[in-house]
Amino acid sequence: MRKSIGRVKSLLFLLMVLLFFFATYNLVAMILEHKADGLEHSNRKLMRSNEKFHVALTATDSAYNQWQCRIMYYWYKKVKDLHGSEMGKFTRILHSGRPDQLMDEIPTFVVDPLPEGLDRGYIVLNRPWAFVQWLEKADIQEEYILMAEPDHIFVNPLPNLAYGSQPAAFPFFYIKPAQNEKVLRKFYPEEMGPVTNIDPIGNSPVIIKKSLMEDIAPTWVNVSLRMKDDPETDKAFGWVLEMYAYAVASALHGVKHNLRKDFMLQPPWDLKVEDRFIIHYTYGCDYNLKGELTYGKVGEWRFDKRSYLMGPPPKKLPLPPPGVPESVVRLVKMVNEATANLPEWDSVNRS
């Protein structure tokens with residue numbers, strides 16, 4: 001009798017263990033499945049767009065802009081078809097209102113400048129207005145757009161860094177929405193949320209869905225003109241006013257950008273190229289012959305694009321002295337390669 005009872009207890013215990021095992025197994029399986037679903041959903045959200053983007057930059061017909069555009073287009077053609085590139089077609093949006101001598105060399109779409117006097121001498125206010133016209137009138141086949149500038153050089157093949165409808169942008173250290181809340185509230189009211197909704201970016205470089213840019217661009221024009229018309233804002237933002245205007249316009253449309261520090265490097269502050277994609281040579285590079293930076297003081301060796309306002313830099317620029325960072329050396333070598341291969345370099349781009 002006792003043996004039978006013991007056998008029954010053992011069977012009941014075994015049954016309970018099995019039930020517990022299956023219940024635990026199902027629970028763990030459900031959790032793992034849920035995590036897998038969540039991870040797959042997260043990956044879908046963060047999946048790169050993997051589509052070609054149209055490269056577009058705005059420019060004037062000045063000699064200063066022309067020589068930069070020629071170098072930029074030269075390197076676009078060099079890297080466009082390399083492994084890892086998702087570059088599509090290229091357009092120079094010329095907002096001088098008339099064709100220039102580079103029409104046959106660089107794919108160009110001519111648009112009108114702002115009405116006379118409206119830019120108040122701040123010529124980059126024409127940039128948002130140029131994009132509005134181009135988006136309305138041009139046949140753009142790609143679903144994404146890279147907004148670039150003449151002083152950009154493609155140093156590595158550039159993929160589409162956007163994630164679906166989330167654009168990609170480079171974060172600029174000097175665009176500081178939180179520190180400029182008082183001014184920004186004139187254009188980004190409190191009911192829209194905290195000013196930290198405004199990304200620390202400009203319009204370039206940005207890779208963005210064309211349909212999204214069509215929504216943002218008119219607002220960008222409006223905010224730019226309102227900012228320029230406001231003396232306090234004009235004084236606070238100065239030469240980066242149009243950058244703040246794009247950041248605000250995007251935020252007004254509820255758009256947040258994926259901030260990519262690897263999008264671009266800016267010599268002389270960024271020392272190495274590594275895996276970044278664009279060199280932006282907006283800063284002057286001044287060094288003594290020991291290879292030491294003398295920023296703010298003209299160096300014994302220098303490269304500064306503003307030294308060539310009236311015409312292009314000469315061919316075969318001297319390389320920097322030993323000790324100068326790789327980023328600066330690479331920049332000068334890339335400029336030299338372009339000028340050595342572009343026809344009529346010394347004669348085409350002169351004011």
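Note that the numbering runs from 1 along the sequence shown for the chain.
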Visitor: More than 12 heavy atoms of other residues, nucleotides or ligands under 6.0 Å from NZ of K290: is that the case?
Guide: no
Visitor: How many angstroms lie between atom NZ of K315 and atom CG of L342, to the nearest 0.5 angstrom?
Guide: 8.5 Å
Visitor: Do the ring centers of Y73 and F90 come within less than 6.0 Å of each other?
Guide: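 So the answer is yes for these two rings.
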Visitor: When you check the side-chain N and O atoms of H95 and D112, is any donor under 3.5 Å from an acceptor?
Guide: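 On atom types as modelled, these side chains do not qualify, holding no pair under 3.5 Å.
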Visitor: Heavy atoms, side chains only, cut-off 4.5 Å: are P321 and W301 in contact?
Guide: yes
Visitor: For N341, does the CG atom have more than 12 heavy-atom neighbours from other residues, nucleotides or ligands under 6.0 Å away?
Guide: yes
Visitor: Please find the pair of heavy atoms, one from L82 and one from P157, that lie closest to each other, and give the distance.
Guide: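 Reported closest heavy-atom pair: CB-CG, 3.7 Å.
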Visitor: Could you check whether Q66 and D61, counting side-chain N and O atoms only, form a donor-acceptor pair closer than 3.5 Å?
Guide: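 On atom types as modelled, these side chains do not qualify, holding no pair under 3.5 Å.
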Visitor: Hydrogens and angles aside, do D304 and Y281 bring a side-chain donor and acceptor to less than 3.5 Å of each other?
Guide: no
Visitor: Would you call the rings of Y174 and W239 parallel, tilted or perpendicular if under 30° counts as parallel and over 60° as perpendicular?
Guide: tilted
Visitor: Taking all non-hydrogen atoms of both residues into account, name the closest pair between L241 and S224 and its distance.
Guide: CD2-O, 3.7 Å
Visitor: Would you say K89 has more than 12 foreign heavy atoms packed within less than 6.0 Å of its NZ?
Guide: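 Count not over threshold, so no.
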Visitor: Considering all heavy atoms of both residues, which atom of F263 and which atom of A168 are nearest to each other, and what is their separation?
Guide: CE1-O, 3.7 Å
Visitor: Supply the atom-to-atom distance T108 OG1 to R92 CZ, rounded to the nearest 0.5 angstrom.
Guide: 3.5 Å
Visitor: Tell me every residue that passes ring pair (Phe, Tyr, Trp, His ring centres under 6.0 Å) with F173, counting only those two or more places apart in sequence or in another chain.
Guide: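 Result, ring pair (Phe, Tyr, Trp, His ring centres under 6.0 Å) vs F173: none returned.
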Visitor: Give a yes or no on this: more than 12 heavy atoms of other residues, nucleotides or ligands lie within 6.0 Å of atom CH2 of W129.
Guide: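 12 or below, so no.
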Visitor: Quick one: do the Y188 and N197 side chains pair a donor with an acceptor below 3.5 Å?
Guide: yes
Visitor: May I ask you to check if K228 and Y122 form a cation-pi contact, with NZ or CZ under 6.0 angstrom from the six-membered ring centre and within 45° of the axis?
Guide: yes
Visitor: Could you state the interatomic distance from NE2 (H253) to CG (L212), rounded to the nearest 0.5 Å?
Guide: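 Here the interatomic distance stands at 8.5 Å.
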Visitor: With the side chain counted from C-beta on, respond yes when Y74 and F154 share a heavy-atom pair under 4.5 Å apart, and no when they do not.
Guide: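 Not touching, per the 4.5 Å side-chain cut-off.
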Visitor: Would L57 and L146 count as a side-chain contact (heavy atoms from CB on, under 4.5 Å) here? Give the steps.
Guide: CA-CA 8 Å; L57 73 153; L146 164 66; over 6 Å; no
Visitor: Side chains of D270 and Q266: donor-acceptor distance under 3.5 Å anywhere?
Guide: no
Visitor: Given H257, which partner from the list F172, Y163, Y246 fulfils the ring pair (Phe, Tyr, Trp, His ring centres under 6.0 Å) test?
Guide: Y246
Visitor: Return the CD to CD distance between E344 and Q101, rounded to the nearest 0.5 Å.
Guide: 10.0 Å
Visitor: Using the ring centroid of each side chain, check whether H54 and W134 are separated by less than 6.0 Å.
Guide: yes
Visitor: Quick one: do M213 and I198 end up in the same hydrophobic cluster if we chain Ile, Leu, Val, Met, Phe, Trp and Tyr together by side-chain heavy atoms under 4.5 Å apart?
Guide: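 No: no chain of side-chain contacts under 4.5 Å links M213 to I198.
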Visitor: Just checking K333: does its NZ atom have more than 12 heavy atoms from other residues, nucleotides or ligands closer to it than 6.0 angstrom?
Guide: no
